[in-house]
Protein chains: 2
Amino acid sequence: MATIDDVARASGVSASTVSYVLSGKRPISAPTRLRVERSIRKLGYRPHAGARALASSQTNVLALMAPLRAGVNVSVIMQFVAGVVTTARKFDFDVLLLTQDDATGLERVSDGSMVDALIMMDIEADDPRVPVLAGLRQPGVLIGLPRDSVGLSCVDLDFDAAGRTAVRHLAQLGHRQVALVGSPRAVIERHTSYADRMLRGFTEQTAELGLEGVYEPCESSHAGAVAAVDRVLARMPGVTGLVVHNEVALPGVIATLRERGRSIPEDVSVVAVCPQDIALGQPLPLTSVDIPADAIGRVAVEMAMARVAGEQPTETRLLAAVLTERLSTAPPR
Amino acid sequence: MATIDDVARASGVSASTVSYVLSGKRPISAPTRLRVERSIRKLGYRPHAGARALASSQTNVLALMAPLRAGVNVSVIMQFVAGVVTTARKFDFDVLLLTQDDATGLERVSDGSMVDALIMMDIEADDPRVPVLAGLRQPGVLIGLPRDSVGLSCVDLDFDAAGRTAVRHLAQLGHRQVALVGSPRAVIERHTSYADRMLRGFTEQTAELGLEGVYEPCESSHAGAVAAVDRVLARMPGVTGLVVHNEVALPGVIATLRERGRSIPEDVSVVAVCPQDIALGQPLPLTSVDIPADAIGRVAVEMAMARVAGEQPTETRLLAAVLTERLSTAPPR
DNA sequence: CCTCTCGGTCGATGCGTTTCGACAGGCTCG
DNA sequence: CGAGCCTGTCGAAACGCATCGACCGAGAGG
């Protein structure tokens, strides 16, 4: 591999000049710059990442911790990941993927100076990884909202509002008995941030509007969907509005409702909380509150970059929940 | 951050001794080793990855290229990724995630000496990225089979055999008219390796056994599933055996068959080609040929590590296709 | 005409490791 | 008893880059 000295020699300048051509941190005359750039291309020169990191203490890599835990919906996770990676590239960063669900990975890549910033997903209310992340030298960004986020930036969909919006939509249509079919029990029990907030929004809004509301967790499989729907039907036979916050179970929920003689939206209205493509890929286009996974990933990276670059203080940004009306909701008959 | 010199000073030895304690490449007496190890723990010392990479030209990072293209099934991809990351950690490697679908990312991380090996997924028959990968300094491993894999190791499920096995199973049950519901058109048209081989296995085996076989691509949505099933039914009204190689469309295919009055397995038998958990998460447990994504990811890393470590020649390994009989197949009536 | 400034370039230094050659001392074997 | 050989340790030289201070020449300002 060609080194910066090879380039310098080939273009008759010193190594530092080549460095300045590359970084633009000092003015270089046009003719010199051209010569250097030509040598770079001719030699196929590319700076050695390690050497650069050593000299500048900047790696241009960020860590993304995406634990692949029980119950998490991988396709949604993947959308986050895609958003993060794509955006990172715009800042000329690469992404190191961590999937272990403890904090050792964080410390390893941070203390080893492998990354300039860290982004962490799937946050629980009292996530033990959060204080660890906050204690690291590099800035940290959370996708999700822990109870205490001191020293860290946070971004997420406003799941609280998502729950409220879904309920309000149903209430406006005239529904009085509504149910939330939520995340798998494992996710709930971890007090995963989004599930907690979703439930809170749903509960508070039903209470405020004087609706009857029930809540049922739902495993991510067909059988889980059947069971959850049946539990809802048993607890609330007159239910006419369903909020579903479980992408994987969605087809099963829809199928089971039909099997139990409830047609959508005539007998029961369904509001999904999921990425748009999933809402549109179902048997009928679902009224849904979009989870803009891609946008959330993008914002997370932007926050991280801001903190890497400057003295930007930490902040927490909640993306607005927007409901799109499609064919799965209607007034009760 | 503490450096190796801090550790050396704290334990009254030279820096090189500390280095040898860490690497074990030279014998160190027990008392010295103990003293050094204690200082390391006390100071929380962790070697600087960049410096280490510079001095040793080894990064302990591997690149994983997982293009997020149209039509690919993200949940399956994520399983591959999980397998790769988990296995990489066992070798003390981290994973850099690339998602761009061109070769620029490969060259960037390779030429920049950011990684010691590269793994690439979603391979097409004449994938333009393959020759680029083969030309890199670091070893490359493909998950999939290009037409020409010179200089590269390959690993994948034996999709050819998967197609044949599925057909044979149906034939043994007595089915004479069978259909393959496959990948989305976009995937086919790219000549994605697994889709090509699956189709070949299916086609050849039906021919050899004298069955009638038809093939239909299938978009990954409910609507796509409906359309594909209807096309199959139109072309082959007497079809009694279905091989489905499209995880996302699976629920739609099943629902549509029922809707068209075909019950499973009485009227039509269904063999899925998909990861096991998906086969089990459907309305009825499906007879399936497992796609062992996790194992494939693991093998890919093991091959990469072997090439990094030694002079291991390139090889291509196809994992056996095993069919598990469940409730979705039976003799035709 | 002299000084000041600024654009443009160079050398030297440092970043934190690994690794190679060297060396001291104790041991073995003839 | 001496040559040779381990064992355990050290010092120094890379590794490839960024960056700081210095330097030189040209133009501006007085």
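Chain A is the first sequence line, chain B the second, and so forth, proteins listed ahead of strands; every chain is numbered from 1.
- For the segment residues 38-61 of chain A, residues with any heavy atom less than 4.0 angstrom from an atom of DNA chain C are, sorted by number, A:Leu54, A:Ala55.
- Distance B:Ile4 CD1 to C:dG16 P: 11 Å, rounded to the nearest Å.
- In this structure, the CZ atom of A:Arg35 is 12 Å from the C1' atom of C:dG8, given to the nearest Å.
- Distances shown here put a side-chain N or O of A:Lys25 below 4.0 Å from the OP1 or OP2 atom of D:dT19.
- No salt bridge links A:Lys42 with A:Glu37; every basic N to acidic carboxylate O contact stays at or beyond 4.0 Å.
- Counting only heavy atoms from C-beta outward, the side chains of B:Asp126 and B:Pro146 never approach each other to under 4.5 Å.
- A:Val308 and A:Pro139 get closest at one heavy-atom pair: CG2-CG, 4.0 Å.
- Using a cut-off of 4.0 Å between Lys/Arg side-chain N and Asp/Glu carboxylate O, A:Asp102 and A:Arg129 are scored as not salt-bridged.
- For B:Asp6 and C:dC15, the CG to C1' distance is 13 Å, given to the nearest whole Å.
- Remark: B:Ser29 is in phosphate contact with D:dT9, judged by side-chain N or O atoms under 4.0 Å from OP1 or OP2.
- The interatomic distance linking B:Ile28 (CD1) with D:dC10 (C1') rounds to 10 Å, in whole Å.
- Results of the side chain to side chain contact (heavy atoms under 4.5 Å, CB included) test with B:Val155 over B:Val301, B:Leu318, B:Ile296 single out B:Ile296 as the only residue that passes.
- Checked against ring pair (Phe, Tyr, Trp, His ring centres under 6.0 Å), B:Tyr194 has the following partners two or more places apart in sequence or in another chain: B:Phe159, B:His245.
- In this structure, A:Met1 atom CE and D:dC17 atom C1' are separated by 15 Å, rounded to whole Å.
- In this structure, A:Thr17 reaches the C:dC10 phosphate: one of its side-chain N or O atoms is under 4.0 Å from OP1 or OP2.
- The base of C:dG11 is not paired with the side chain of A:Ser14 by any donor and acceptor separated by under 3.5 Å.
- Side chain of A:Arg26, nearest nucleotide from C:dC10, C:dG8, C:dT17: C:dC10.
- Atom pair A:Leu22:CG and D:dA18:P shows a separation of 7 Å (rounding to whole Å applied).
- Among the heavy atoms of the strands lying under 4.0 Å from B:Thr32 are primed sugar atoms or P, OP1, OP2 only; no base atom is included.
- The side chain of A:Ser16 lies closest to C:dG11, out of C:dG11, D:dA18, D:dC10.
- The side chain of B:Tyr20 sits closest to D:dC10 out of C:dC10, D:dC10, C:dT18.
- Using a cutoff of 4.0 Å between basic side-chain nitrogens and carboxylate oxygens, B:Asp92 and B:Arg89 are scored as salt-bridged.
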